[in-house]
Colleague: 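Before we start, here is the structure in question, set down as structure tokens.
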Protein chains: 4
Amino acid sequence: MEKAKRKEKEFLFRRQEILEEAERMFAAKGFHATTMAEIAQGAGFAIGTLYQFFQGKEDLYVSMVTEKLQLMYQEIRGAVQAREDTLQKVDALVSTYFLFVENNADFCTFFIRSDGATLPDVSNALREQMIEAYLGQIQFIEEIINKGIEDGIFQPGKARDYAFALSGIIRGIIFDWLVGAHQGSLTGKTGLVTDIFLRGVLVDQNNKR
Amino acid sequence: MEKAKRKEKEFLFRRQEILEEAERMFAAKGFHATTMAEIAQGAGFAIGTLYQFFQGKEDLYVSMVTEKLQLMYQEIRGAVQAREDTLQKVDALVSTYFLFVENNADFCTFFIRSDGATLPDVSNALREQMIEAYLGQIQFIEEIINKGIEDGIFQPGKARDYAFALSGIIRGIIFDWLVGAHQGSLTGKTGLVTDIFLRGVLVDQNNKR
Amino acid sequence: MEKAKRKEKEFLFRRQEILEEAERMFAAKGFHATTMAEIAQGAGFAIGTLYQFFQGKEDLYVSMVTEKLQLMYQEIRGAVQAREDTLQKVDALVSTYFLFVENNADFCTFFIRSDGATLPDVSNALREQMIEAYLGQIQFIEEIINKGIEDGIFQPGKARDYAFALSGIIRGIIFDWLVGAHQGSLTGKTGLVTDIFLRGVLVDQNNKR
Amino acid sequence: MEKAKRKEKEFLFRRQEILEEAERMFAAKGFHATTMAEIAQGAGFAIGTLYQFFQGKEDLYVSMVTEKLQLMYQEIRGAVQAREDTLQKVDALVSTYFLFVENNADFCTFFIRSDGATLPDVSNALREQMIEAYLGQIQFIEEIINKGIEDGIFQPGKARDYAFALSGIIRGIIFDWLVGAHQGSLTGKTGLVTDIFLRGVLVDQNNKR
DNA sequence: GATGAATGAGGATTCATTCAT
DNA sequence: AATGAATGAATCCTCATTCAT
């Protein structure tokens, strides 16, 4: 069916346009301060049309955030899975994370700092959904770490804590970059992050780095 | 003036009651979903009375958050400054942070995960203020680290990055605890956090820990 | 032209299907709460198709009601005209009315109690139309009564009032039956109604019935 | 408490003003076509003020109708109970009904014809409430009739049917008057109505009236 | 003829804030 | 100082109707 296919494609295209406009708006003004009318106008549609693609404002918001996060997680996973070596996986994890943030600074500015979970005014059900997505990402990191533990390069027993720690370091550095007017290269800090995560900050008396 | 003093005291007392009710409400329902009427009712005052203590809803919200954060930062600083040794300062930083979170889980649940900075719907001016508070905290950590660098125990040159990293690790572990139904002791993870921060996660070939 | 005829027939058939679905919907949910989309879906047509048969929602509503009423009036007139005797005409009027209600309880439940005239939200022009239909029915009853007056069996001078009175009695009894969960036979009350209308409720001292 | 009393009085006064404006509006344009803004404006209040007296539009509508009906029923009951004799009670019932309609033609025009029960678009719960009110009135009439049966002046066994019949006759005549541009006196038709109800329309061969 | 995606006007309701008492 | 009734701006969403395919 050629026709059905083209319709499907057009539908997805329009949907994407709306999502992109929504991202701009929400990022700039937040959830409540952004009106459906503005998004519609910005995307070049009538208000009612938005409701053919999304159930309502909240659905639009959550769809936008969820899909963007999904994209980020996908990119990260893809990059990580392309590596064999555990240390390289960690490196890919951090650098891909940073790369995504550099390329999506607006979105991240209003969202990433929330640990992927703060939606003070959005329904709890949706909040859960986003926490879950974040926890999925944590689990993914945990698996990498577990692999490293099996290989004898990471200390055993604390994989989940390490995952949160690594994620925390990454987010900390990202936050710095985001509020700091995006100075310098974020990806350039990959080595710094992995270094802290792997070897800590202490001066190693026996084995200078 | 005895009288003026008592008035002052009563004023502060009332103000505090409002703040506490506001904290409960905002933590439970978020900024927008909480109404001034609810807070007034909960605190046992008339709506109009709230406006004698705070300029408006936003002011009330920000005051609550700011003062709570201030309290947290104060506690942390107090504990840190009570130690001489840099490593003990780091330890105090982490454990006091954790202690505060354990004692203020509700507040932290809705707020700390925001890196102390996400207020999607609150005016930018206020957001800046909160980011600033967070950056103040970062700077405080940075100073500890600089001290450690001077003492030759931390690697030089990256104090600010280290500060964000440490803050990130702490927040990561806190997040885990908050969404994980507060299982186990958070303060009990102090050693874990400092360990990661100081020595990293790698198995040290030359110098087993 | 065979073809044109078949088309005509199909057109009428489709139209009828839409009307029947509309009747179900409107009876169940009222005018405003029923959407064109629902009717279209229920009737198995596309929304746009409805507009080939009816000018709009209001037209559809009014057509449905009007035609249903027309049907009722037709049945009643047919039955009445089949009788010669005036008293038998009255009897036929009442019993056919009741019969129709029994067979169209859903429609009547939402409509008949309105005296065939209450459409609080439908345009005045249409309201007039329906009042007129009702008045037509009254006039028809009036004519029966006038015949009876000519025959010397009804008291003269009040034919129109009598028509409203008879119609009122019928509607009163119907209302009772409709809200009373349709208990018992409505047609079985024909004698009761005609009795009240003809002889009143007083015990006749001279002439026991 | 003088003050509380005056407040109460003022509250009731404002509420009544809103109800009266609502009655005008709803009677003129129907439920859906009337906006809260119009009522507020007409009553000289801000929109929000309406919500201090009524939960919402529907509540306002139902309150208006319910209270008006209550008033009508009260007047009727009062007049009926002031009479001793059953036939005089019937007379008072009809004439007071008519009097109320004459004095509240607007309200009745849009409502009475509905048998006190048609609210096509208002929630079912409320519809039930109004049907109940109507049935209460029927029961009241039924009791009068039962008294007459005990006294041996009405034919036994059909009190409820008679009540609906009498109510039906009254409504039928009212409808005529309402749609007929209010020609002539409605109360003047009291005798006509009681005559039909009591003695029917047949010419009585033995006992001329 | 049939379709159904797009349109956008229209309104109920909420709630922070004010100010007369 | 405390009150809380009154205010009214601001916005989400529905759904009848159209028209390009």
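In what follows, every heavy atom counts, from backbone to side chain, and hydrogens, waters and symmetry copies are set aside. Numbers restart at 1 for each chain; the letters A, B, ... are given by sequence-line order, proteins then strands. Computed from a predicted model, the values in this text were never measured in an experiment.
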Colleague: Starting from P on dC15(F), measure out to CE on M25(C) and report it in whole angstrom.
Modeller: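 Between P of dC15(F) and CE of M25(C): 13 Å.
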Colleague: What is the distance, to the nearest angstrom, from the CD1 atom on I18(B) to the C1' atom on dT3(F)?
Modeller: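 Atom-to-atom, I18(B) to dT3(F), this comes out as 13 Å.
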Colleague: Counting Watson-Crick and G-U wobble pairs whose two distances are both under 3.5 Å, find the runs of 3 or more in a row that involve DNA chain E.
Modeller: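 Stems (3+ consecutive pairs) listed as E:2-21 with F:2-21.
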Colleague: Without decimals, in angstroms, what is the distance between E38(A) CD and dT11(F) C1'?
Modeller: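 Rounded to the whole Å, the gap is 10 Å.
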Colleague: Should the pair Y61(D) and F26(D) be assigned to parallel (<30°), tilted (30 to 60°) or perpendicular (>60°) ring geometry?
Modeller: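 Judged by the thresholds at 30° and 60°, the geometry between Y61(D) and F26(D) is perpendicular.
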Colleague: With sequence neighbours excluded, what pairs up with K68(C) under the salt bridge (charged side-chain N to carboxylate O under 4.0 Å, His left out) test?
Modeller: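 Only E23(C) meet the salt bridge (charged side-chain N to carboxylate O under 4.0 Å, His left out) criterion with K68(C).
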Colleague: So, are R24(D) and E20(D) salt-bridged, with charged N and O less than 4.0 Å apart?
Modeller: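 No salt bridge links R24(D) with E20(D).
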Colleague: Identify which nucleotide among dA16(E), dC15(F), dC12(F) has an atom closest to any side-chain atom of Y51(B), counting heavy atoms from C-beta outward.
Modeller: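 Within the option list, the nearest is dA16(E).
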Colleague: Restricting to side-chain hydrogen bond (donor to acceptor under 3.5 Å, both in side chains), what partner residues turn up for S63(B), sequence neighbours left out?
Modeller: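 Checked S63(B) against side-chain hydrogen bond (donor to acceptor under 3.5 Å, both in side chains); matches are D59(B).
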Colleague: Would one find more than 12 heavy atoms of other residues, nucleotides or ligands at under 6.0 Å from atom CD of Q41(C)?
Modeller: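 Not more than 12 within 6.0 Å, no.
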Colleague: Under 6.0 Å from the ring centre and within 45 degrees of the ring axis: does the NZ or CZ of K57(B) meet both conditions for the six-membered ring of F31(B)?
Modeller: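 So K57(B) does make the cation-pi contact.
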Colleague: How many whole angstroms separate atom CZ of F31(D) from atom C1' of dG11(E)?
Modeller: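 Rounded to whole Å, this separation is 12 Å.
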Colleague: Can you pull every protein N or O that's under 3.5 Å from an N or O on nucleotides 4-8 of chain E?
Modeller:
from   : atom 1 : to     : atom 2 : distance (Å)
dG4(E) : N7     : G48(C) : N      : 3.1
dA6(E) : OP1    : R14(A) : NE     : 2.8
dA6(E) : OP2    : Q52(A) : OE1    : 3.0
dA6(E) : N7     : Q52(A) : NE2    : 3.2
dT7(E) : OP2    : A46(A) : N      : 3.1
dT7(E) : OP2    : T49(A) : OG1    : 2.2
dG8(E) : N7     : G48(A) : N      : 3.0

Colleague: Donor-acceptor check, side chain of E38(B) to backbone of T35(B), threshold 3.5 angstrom: yes or no?
Modeller: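 It does hold such a pair.
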Colleague: Just the rounded figure in Å: distance from C1' of dC12(F) to CG of D59(A).
Modeller: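 That distance rounds to 14 Å.
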Colleague: Side chain of M36(B), heavy atoms from C-beta onward: which of dT17(F), dA16(E), dC12(F) has the nearest atom to it?
Modeller: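 So the nucleotide nearest the side chain must be dA16(E).
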Colleague: Rounded to whole Å, how long is the line connecting atom CD of Q55(A) with atom P of dC15(F)?
Modeller: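 Rounded to whole Å, this separation is 15 Å.
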Colleague: Applying salt bridge (charged side-chain N to carboxylate O under 4.0 Å, His left out), can you list everything that pairs with E67(A), at least two apart in sequence or on another chain?
Modeller: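 Salt bridge (charged side-chain N to carboxylate O under 4.0 Å, His left out) list for E67(A), sorted by chain: R15(A).
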Colleague: Could you tell me how far apart K57(B) (NZ) and dT18(E) (P) are, to the nearest whole angstrom?
Modeller: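 One finds 15 Å between P of dT18(E) and NZ of K57(B), rounded.
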Colleague: So, using ring-ring contact (aromatic ring centres under 6.0 Å, His included) as the criterion, who are the partners of F53(A) when residues are at least two apart?
Modeller: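 Once residues adjacent in sequence are excluded, the partners of F53(A) under the ring-ring contact (aromatic ring centres under 6.0 Å, His included) criterion are F11(A).
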Colleague: Quickly work out the Q41(B) CD to dA16(E) C1' distance and round it to whole Å.
Modeller: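 Distance, rounded to whole Å: 17 Å.
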